[in-house]
Peer 1: 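First, the structure itself, so that you have it in front of you.
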2 protein chains.
Amino acid sequence: MIDMAELRQRFSERQYKLTPQRQIILQAFIDHQDKHLSAEDVYTIVRKQSPEIGLATVYRTLELLSDLEILQKLDFGDGRSRYEINETNTPHHHHHLICLSCGKVKEFEDDLLETLEAVIARKSRFKIVDHQVKFYGYCRECQEESDDP
Amino acid sequence: MIDMAELRQRFSERQYKLTPQRQIILQAFIDHQDKHLSAEDVYTIVRKQSPEIGLATVYRTLELLSDLEILQKLDFGDGRSRYEINETNTPHHHHHLICLSCGKVKEFEDDLLETLEAVIARKSRFKIVDHQVKFYGYCRECQEESDDP
DNA sequence: ATTAGTGCAAAGTATTTGCAACAGT
DNA sequence: ACTGTTGCAAATACTTTGCACTAAT
């Protein structure tokens, strides 16, 4: 899914370099596909291999990777930005289900939003290029817990 | 739409007081129904009538009003939280269309999301209580501008 | 040589908190 | 009196920036 050669290509097209630091940061996302990592999360992971890396570098790399649309920036309202690999190639989108009780974030595959995007584009003349959908509620586990007396 | 008597009721139920400061802050939202005000925005507006008010009070009030579900907290990714009056009573939801070029935020009325919520609830056993949907794209004006040579 | 990239420390911005004073019941 | 509320200042949390140094072409 992530092709380093193709990435290096995408970097050099815009005269960016795929430095060791940037590779290691990317690797962190590859090793944690299902997670939504914050800058601090990435910093912690990455320092295991590269203890001299700076937090500013992490922030700058995350911004760069978002600009290159390799990562997608997310916001779950916990005061920090989170990132995940942007699978633009795959046609199915996923939404995030955020549990108000335990804070966990689950993914939900769906492409009903495509329909909605089309409706909006037609009615509002807005040219939509991306969307972000968050559902807030209670996950199964937390529902079961609150059922107990 | 906003009934002060009903509000005072909702406050006192939980032994909160509808203080002058809180009323003035609420009034700011009533006077700017179509806007998405940040804490700083509210602070600026409110100081015209009440110059001695503190920014911390604004923050605390916004949090309280969100807890009481009188306001809804929004996030447009510009680094600050924004708020709008939460029209829970009205059945139609609206989504936000964020222009990537000029940054303006438009509203779009729709309730197709209800369908999606039902699907998710069934498939994932997640009990959904709220959602937030953002569409990113280019507004009509900015599209027209970029058409020009 | 030139230009991009890095680490560190400092600065910036948004938000929260501790606390003494205050207000309403 | 009691308890919630306020304003101020200080603290915190996340992120960005200035700068000298390094690495890669």
Side-chain angles (χ1 to χ4, degrees), chain A residues 4 7-28 36-68 70-71 73-83 103, chain B residues 4 7-28 36-68 70-71 73-83 103:
Chain A
M4 275 292 170
L7 270 188
R8 199 176 298 274
Q9 162 84 11
R10 218 192 301 184
F11 268 78
S12 56
E13 268 171 14
R14 310 206 203 173
Q15 26 245 73
Y16 294 131
K17 291 162 196 163
L18 191 44
T19 63
Q21 288 90 336
R22 289 173 179 175
Q23 282 192 58
I24 293 171
I25 289 171
L26 259 168
Q27 192 60 45
H36 314 98
L37 303 176
S38 67
E40 201 66 39
D41 291 340
V42 174
Y43 186 49
T44 305
I45 293 168
V46 154
R47 260 197 305 182
K48 287 175 191 161
Q49 289 175 59
S50 223
E52 71 295 341
I53 203 169
L55 182 55
T57 300
V58 173
Y59 273 104
R60 282 186 283 231
T61 302
L62 293 176
E63 196 195 355
L64 175 64
L65 293 175
S66 298
D67 286 352
L68 293 174
I70 294 164
L71 294 182
K73 195 173 184 171
L74 306 171
D75 194 314
F76 297 141
D78 62 348
R80 73 210 67 192
S81 293
R82 296 179 171 278
Y83 299 82
Chain B
M4 275 295 172
L7 271 188
R8 200 177 297 273
Q9 163 82 13
R10 218 190 302 184
F11 268 79
S12 56
E13 266 171 16
R14 310 206 202 173
Q15 28 246 73
Y16 294 131
K17 289 162 195 163
L18 190 44
T19 63
Q21 287 91 335
R22 289 173 179 174
Q23 282 191 60
I24 293 171
I25 289 171
L26 259 168
Q27 192 60 44
H36 313 98
L37 304 176
S38 67
E40 201 66 39
D41 292 340
V42 174
Y43 185 50
T44 305
I45 293 168
V46 154
R47 258 196 305 181
K48 288 175 191 160
Q49 290 176 60
S50 225
E52 70 297 340
I53 201 169
L55 181 56
T57 301
V58 173
Y59 273 104
R60 282 186 284 232
T61 302
L62 293 177
E63 197 196 355
L64 175 64
L65 294 175
S66 298
D67 285 352
L68 293 174
I70 294 165
L71 294 181
K73 196 175 185 171
L74 306 171
D75 194 314
F76 296 141
D78 61 350
R80 73 209 67 192
S81 293
R82 297 180 169 278
Y83 298 82

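In what follows, chains are A, B, ... by sequence order, proteins preceding strands, each numbered from 1. Model, not experiment: these values are computed from the prediction.
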Peer 1: Among all residues two or more places apart in sequence or in another chain, which pass the side-chain hydrogen bond (donor to acceptor under 3.5 Å, both in side chains) test with A:S12?
Peer 2: none

Peer 1: Classify the nucleic acid contact of A:E52 as base, sugar-phosphate or nothing, counting any heavy atom under 4.0 Å across all strands shown.
Peer 2: sugar-phosphate

Peer 1: Check every nucleotide of DNA chain D for an atom under 4.0 Å from a heavy-atom of chain A, then give the first and the last such nucleotide from 5' to 3'.
Peer 2: D:dC14 to D:dG18

Peer 1: Side chain to side chain contact (heavy atoms under 4.5 Å, CB included) with A:I45: which residues, sequence neighbours excluded?
Peer 2: A:A28, A:H32, A:L37

Peer 1: Considering residues at least two apart in sequence or located in another chain, which fulfil the salt bridge (charged side-chain N to carboxylate O under 4.0 Å, His left out) criterion with A:D41?
Peer 2: A:R82

Peer 1: Suppose we screen for side chain to side chain contact (heavy atoms under 4.5 Å, CB included). Which residues come up paired with A:Q15, at least two apart in sequence or across chains?
Peer 2: none

Peer 1: Looking only at side-chain N and O atoms, does A:R22 come under 4.0 Å of OP1 or OP2 in C:dG5?
Peer 2: yes

Peer 1: Is there any protein nitrogen or oxygen under 3.5 Å from a nitrogen or oxygen in nucleotides 11-15 of chain C, and what are the pairs?
Peer 2:
unit_1 : atom_1 : unit_2 : atom_2 : d
C:dA14 : OP1    : B:R80  : NH1    : 3.1
C:dA14 : OP1    : B:R80  : NH2    : 2.9
C:dT15 : OP1    : B:S81  : N      : 2.9
C:dT15 : OP1    : B:S81  : OG     : 3.4
C:dT15 : OP2    : B:Y59  : OH     : 2.6
C:dT15 : O5'    : B:Y59  : OH     : 3.4

Peer 1: Whole angstrom is fine here: how far is it from CG in B:L62 over to C1' in C:dT17?
Peer 2: 16 Å

Peer 1: For A:Q9, check side chain to side chain contact (heavy atoms under 4.5 Å, CB included) against everything at least two apart and list the hits.
Peer 2: A:E13

Peer 1: Could you note down all residue pairs passing side-chain hydrogen bond (donor to acceptor under 3.5 Å, both in side chains) where residues 57-68 of chain B supplies at least one of them, sequence neighbours left out?
Peer 2: none

Peer 1: Which residues pass the ring pair (Phe, Tyr, Trp, His ring centres under 6.0 Å) test with A:F76, not counting sequence neighbours?
Peer 2: A:H36, A:H96

Peer 1: Apply side-chain hydrogen bond (donor to acceptor under 3.5 Å, both in side chains) to A:T44 and list each qualifying residue two or more places apart in sequence or on a separate chain.
Peer 2: none

Peer 1: Would you say B:F11 has more than 12 foreign heavy atoms packed within less than 6.0 Å of its CZ?
Peer 2: yes

Peer 1: Quick one: side-chain hydrogen bond (donor to acceptor under 3.5 Å, both in side chains) partners of B:Q49, sequence neighbours excluded?
Peer 2: none

Peer 1: At 4.0 Å (heavy atoms only), tell me whether B:Q21 reaches a base, stays on the sugar-phosphate, or touches nothing.
Peer 2: sugar-phosphate

Peer 1: What are the atom names and distances for every N/O pair under 3.5 Å that joins the protein to nucleotides 20-25 of chain C?
Peer 2:
none

